[in-house]
Peer 1: 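Sharing a structure with you now.
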Amino acid sequence: RVTVNRFWLQVFGRGLVATAEDFGSQGAWPEHPQLLDWLAVDFRESGWDVKRLMRQLVTSAVYQQDSAGTASSWADDPANRWLARGPRYRLDAETLRDQMLAISGLLVRRQGGLGTRPPQPDGIWNAVAYVGSNTQFYRADGEHEKVHRRSLYMFWKRTAPPPQFSTFDAPTREECVIRRERTNTPLQALLLLNDPQYMEGAAGLAARLLKPGDSADSDAAIADQMFRLATARDADENERRILLDFFAERMEWYSAHRDEAGKLTEASRMVAEVYPYVSSLDATRWAAWTAVANVVLNMDEVISKQ
């Protein structure tokens, strides 16, 4: 029951027993005890087949429901205890970063090897490090093959965890955590819109779709493909118009501030290791599409599982 409940929590964002970390007398009572019993017995009799259980959960009718639900279902059951709609919750910190890198085409999928140290604020380790320690000073890596690896390989200092993870409620790894809390704060939006690595991901997504010599005729196609890569669906006419209007606005601004476009492309130098042709792109056009990509990657639909 404990194991099945944890996999249910992973898929649905909330366990059949809400206190997945506490199955004792102080924990919550199962909201669907017969369902939990049936899943537990089936899991045991299948030979503890985890892949089978996960496939069973994600192909179930309850999981494949529309997460939008109805107004009455939200009013009567905001926590979705009755399972009247599909799951909807913000992605975990590590998943947000990995998804951004995957959509932009920057993700390094190589498995194994040393950990990576992507960019972090200066002096982040100084205040908590022992003098003479080999982790007293944080030195970020500068190569695409290391910086853009999955979050699984990120080097952690438990007394100073990566801010881009702790901001999104990732545990410090000082103790075992079964169930993460999920908060919704302005600092999270500030990070997604301004963090250097997320900005680099936006530049990578723009570079992935741009080609040297692109003209205004290709703008609608670029907007459509960018939206599809991020959301796995086609943009409607209103969404396409919003993206194109914003692109036109950014083009006008960067045309009048070409030095700012140059700064943005310079800060995205590792993108050139994946897309070598960016050196021949118009910096103003690349910067404008980077701004659009930044908006697309920050949509609720992209950062939430729904």
Side-chain angles (χ1 to χ4, degrees), residues 10 90-130 132-177 180 182 187-208 229-230 263-279 290 293-294 296-298 302-303 305:
Q10 182 178 338
R90 196 207 67 230
L91 298 175
D92 289 334
E94 298 88 341
T95 308
L96 282 171
R97 177 179 176 274
D98 291 354
Q99 175 183 256
M100 173 271 295
L101 292 173
I103 293 172
S104 65
L106 300 179
L107 183 65
V108 175
R109 300 179 184 273
R110 176 171 54 86
Q111 297 183 10
L114 297 175
T116 176
R117 300 187 186 191
Q120 290 192 45
D122 293 336
I124 189 170
W125 287 358
N126 298 10
V128 296
Y130 291 108
S133 168
N134 63 351
T135 62
Q136 182 176 1
F137 304 106
Y138 187 83
R139 296 180 178 86
D141 293 319
E143 308 84 32
H144 154 68
E145 283 292 327
K146 295 197 70 176
V147 172
H148 296 144
R149 301 195 71 195
R150 288 177 59 197
S151 300
L152 171 70
Y153 298 104
M154 186 177 291
F155 187 94
W156 275 68
K157 187 179 181 72
R158 285 183 295 175
T159 52
Q164 61 181 242
F165 288 171
S166 56
T167 301
F168 286 98
D169 311 309
T172 62
R173 301 191 180 185
E174 294 178 284
E175 58 187 16
C176 179
V177 175
R180 297 185 183 187
R182 283 191 175 87
L187 187 59
Q188 294 168 353
L190 186 69
L191 187 150
L192 289 176
L193 284 167
N194 297 280
D195 182 85
Q197 195 152 40
Y198 282 89
M199 285 302 302
E200 191 173 51
L205 177 55
R208 178 179 181 178
L229 282 171
K263 290 178 184 177
L264 184 59
T265 55
E266 175 61 27
S268 307
R269 58 179 181 80
M270 275 186 283
V271 174
E273 298 183 38
V274 182
Y275 305 110
Y277 55 79
V278 296
S279 58
T290 296
N294 195 29
V296 171
L297 291 173
N298 276 273
V302 177
I303 67 175
K305 176 187 176 70

Peer 1: Would you sort out whether Arg97 and Ser151 count as a side chain to side chain donor-acceptor pair (under 3.5 Å), showing the intermediate values?
Peer 2: CA-CA 7 Å; Arg97 177 179 176 274; Ser151 300; 3.1 Å; yes
Peer 1: Residues two or more places apart in sequence or in another chain: which of them pass ring pair (Phe, Tyr, Trp, His ring centres under 6.0 Å) with Phe165?
Peer 2: Trp156
Peer 1: Would you check if Thr172 and Ser166 make a side-chain contact, meaning some heavy-atom pair closer than 4.5 Å?
Peer 2: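 Thr172 vs Ser166: side chains apart.
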Peer 1: Test of understanding: with ring pair (Phe, Tyr, Trp, His ring centres under 6.0 Å), list the residues that count as partners of Tyr138, not counting sequence neighbours.
Peer 2: Trp125
Peer 1: Answer yes or no: is there a side-chain heavy-atom contact under 4.5 Å between Gln197 and Met100?
Peer 2: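 Yes - at least one pair of side-chain heavy atoms lies under 4.5 Å apart.
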Peer 1: Mind checking what makes side chain to side chain contact (heavy atoms under 4.5 Å, CB included) contact with Ala207, not counting sequence neighbours?
Peer 2: Val271, Tyr275, Val278, Trp286
Peer 1: For residues Val147 and Asp141, report the shortest heavy-atom separation together with the two atoms involved.
Peer 2: CG2-O, 3.3 Å
Peer 1: Around atom CG of Asn194, are there more than 12 heavy atoms from other residues, nucleotides or ligands closer than 6.0 Å?
Peer 2: yes
Peer 1: Is it true that, when you exclude Arg158 itself, more than 12 heavy atoms of the residues, nucleotides or ligands shown sit nearer than 6.0 Å to its CZ?
Peer 2: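 12 or below, so no.
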Peer 1: Within the side chain of Arg182, is there an N or O that forms a donor-acceptor pair under 3.5 Å with the backbone of Arg90?
Peer 2: yes
Peer 1: List the atom of Ala93, the atom of Ala170, and the distance in Å for their closest heavy-atom pair.
Peer 2: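 Residues Ala93 and Ala170, closest heavy atoms: CB-CB, 4.1 Å.
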Peer 1: Can you see which heavy atom on Gly142 is nearest to which on Met270, and at what distance?
Peer 2: O-SD, 3.5 Å
Peer 1: Identify, with sequence neighbours excluded, every residue that meets ring pair (Phe, Tyr, Trp, His ring centres under 6.0 Å) alongside Phe137.
Peer 2: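 Testing Phe137 for ring pair (Phe, Tyr, Trp, His ring centres under 6.0 Å), a comparison that skips the adjacent residues, returns none.
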Peer 1: Are the side chains of Gln188 and Ile303 in touch, meaning some heavy atoms are under 4.5 Å apart?
Peer 2: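 A side-chain contact is absent here, since even the closest heavy-atom pair is not under 4.5 Å.
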Peer 1: Compare all side-chain heavy atoms of Leu96 with those of Tyr198 and state whether any distance is below 4.5 angstrom.
Peer 2: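 Yes, their side chains come closer than 4.5 Å.
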Peer 1: Return the minimal non-hydrogen interatomic distance between Leu264 and Ser268, and the atom names on each side.
Peer 2: O-OG, 3.0 Å
Peer 1: Are the side chain of Arg149 and the backbone of Arg110 linked by a donor-acceptor contact shorter than 3.5 Å?
Peer 2: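 At least one qualifying donor-acceptor pair exists.
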Peer 1: For residues Val302 and Gln99, determine if any side-chain heavy atom of one lies less than 4.5 Å from a side-chain heavy atom of the other.
Peer 2: yes
Peer 1: For Ala202, what residues pass the side chain to side chain contact (heavy atoms under 4.5 Å, CB included) criterion, not counting sequence neighbours?
Peer 2: Thr290, Ala293, Asn294, Leu297
Peer 1: To the nearest 0.5 Å, how far apart are CD in Glu273 and CD in Glu143?
Peer 2: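 Glu273 atom CD to Glu143 atom CD measures 7.5 Å (nearest 0.5 Å).
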Peer 1: With sequence neighbours left out, what residues match Thr159 under side chain to side chain donor-acceptor pair (under 3.5 Å)?
Peer 2: none
Peer 1: Measuring from Arg208:CZ to Leu229:CG, what's the distance to the nearest 0.5 Å?
Peer 2: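 If we round to the nearest 0.5 Å, Arg208:CZ and Leu229:CG are 4.5 Å apart.
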Peer 1: Quick check for you: to the nearest 0.5 Å, what is the distance between Asp98 atom CG and Ile103 atom CD1?
Peer 2: 11.0 Å
Peer 1: Please indicate whether Arg150 has more than 12 foreign heavy atoms, meaning atoms of other residues, nucleotides or ligands, lying under 6.0 Å from its CZ.
Peer 2: no
Peer 1: Given side chains that start at C-beta, do those of Leu106 and Leu101 come closer than 4.5 Å, heavy atoms only?
Peer 2: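 In short, these two side chains touch, coming nearer than 4.5 Å.
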Peer 1: Roughly how far apart are Leu192 CG and Asn298 CG, rounded to 0.5 Å?
Peer 2: 5.0 Å
Peer 1: Return the minimal non-hydrogen interatomic distance between Pro119 and Gln164, and the atom names on each side.
Peer 2: O-NE2, 4.3 Å
Peer 1: Give a yes or no on whether Gln111 atom CD has more than 12 heavy-atom contacts from other residues, nucleotides or ligands under 6.0 Å away.
Peer 2: no
Peer 1: Evaluate His148 against Glu200 for side chain to side chain donor-acceptor pair (under 3.5 Å), listing each step before the verdict.
Peer 2: CA-CA 10 Å; His148 296 144; Glu200 191 173 51; 2.8 Å; yes
Peer 1: In the structure I gave you, are the side-chain heavy atoms of Gln120 and Pro163 within less than 4.5 Å of one another anywhere?
Peer 2: yes
Peer 1: Contact between Thr95 and Phe168 at the side-chain level, heavy atoms closer than 4.5 Å - yes or no?
Peer 2: no
Peer 1: Keeping the roles fixed (side chain from Tyr153, backbone from Gly112), state whether a donor-acceptor pair exists under 3.5 Å.
Peer 2: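 Yes.
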Peer 1: With a sphere of 6.0 Å drawn around CG of Leu152, does it hold more than 12 non-hydrogen atoms of other residues, nucleotides or ligands?
Peer 2: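 Correct, the count exceeds 12.
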Peer 1: Roughly how far, to the nearest 0.5 Å, is CZ of Arg117 from NZ of Lys157?
Peer 2: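 CZ of Arg117 is found 9.0 Å from NZ of Lys157.
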